[in-house]
Amino acid sequence: MSYWYNVDTGQVESDADRSRGEQVLGPYATEEEARGALAKAKENTERWDDEDRDWGAGAPGVGATGADGGGDGDD
């Protein structure tokens with residue numbers, strides 16, 4: 001059985017009583033994991049935002065190109 005977190009009600013739901021897809025986060029293996037859905041989503045979003053900032057700043061090895069903008073060095 002899977003568990004879901006309903007963002008509208010703040011309640012954990014099971015497969016048997018799950019609301020529409022746009023209202024729930026999941027699936028999660030346990031009720032406890034589903035209860036932590038918002039905290040996990042916040043953690044993921046912050047990590048992805050940090051990665052996006054690093055990529056946008058041209059951090060080495062994260063989507064950066066060479067100084068000429070071409071990235072291949074064969075000018």
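All of these numbers come straight from a predicted model, not from anything done at the bench.
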**Request:** Apply side chain to side chain contact (heavy atoms under 4.5 Å, CB included) to the pair Leu25 and Val7, showing each step before the final yes or no.
**Result:** CA-CA 7 Å; Leu25 299 175; Val7 296; 3.9 Å; yes
**Residues Glu43, Lys40; criterion salt bridge (Lys or Arg N to Asp or Glu O under 4.0 Å); working and verdict** = CA-CA 5 Å; Glu43 176 185 309; Lys40 184 66 174 177; 3.4 Å; yes
**Request:** Kindly indicate, with the supporting measurements, whether the criterion side chain to side chain contact (heavy atoms under 4.5 Å, CB included) is fulfilled by Tyr5 and Leu38.
**Result:** CA-CA 8 Å; Tyr5 181 81; Leu38 289 182; 3.5 Å; yes
**Request:** For side chain to side chain contact (heavy atoms under 4.5 Å, CB included), just list the numbers for Asp50 and Arg53, CA-CA rounded to whole Å, side-chain angles, deciding distance to a tenth of an Å, and then say yes or no.
**Result:** CA-CA 5 Å; Asp50 289 344; Arg53 274 189 292 278; 2.4 Å; yes
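The closest donor-acceptor contact from the side chain of Asp17 to the backbone of Ser14 lies under 3.5 Å.
Closest approach of Ala37 and Tyr28 over heavy atoms only: CB-OH, 3.4 Å. Here the closest non-hydrogen pair linking Ser2 and Asp15 is N-OD2, 3.1 Å. Heavy-atom minimum distance, Thr30 versus Tyr3: C-CD1, 3.6 Å. Nearest heavy atoms, Ser19 versus Glu13: N-OE1, 2.7 Å.
Every residue two or more places apart in sequence or in another chain that forms a side chain to side chain donor-acceptor pair (under 3.5 Å) with Gln23 is listed here: Asp8. The salt bridge (Lys or Arg N to Asp or Glu O under 4.0 Å) check on Arg18 picks up nothing, with sequence neighbours excluded. Looking at residues two or more places apart in sequence or on another chain, you find no side chain to side chain donor-acceptor pair (under 3.5 Å) involving Asp49.
Residues Val12 and Trp4 form no side-chain contact, since every pair of their non-hydrogen atoms from C-beta on lies 4.5 Å or further apart.
Asn6 contributes atom CG, which lies 9.5 Å from atom CZ of Arg20 (distance to the nearest 0.5 angstrom). Here CH2 of Trp48 is found 6.0 Å from OG1 of Thr45. Values are rounded to the nearest 0.5 Å. Atom CD in Gln11 sits 10.0 Å away from atom CZ in Arg35 (nearest 0.5 Å).
The 12-atom threshold is exceeded at CD of Glu22, counting heavy atoms of other residues, nucleotides or ligands nearer than 6.0 Å.
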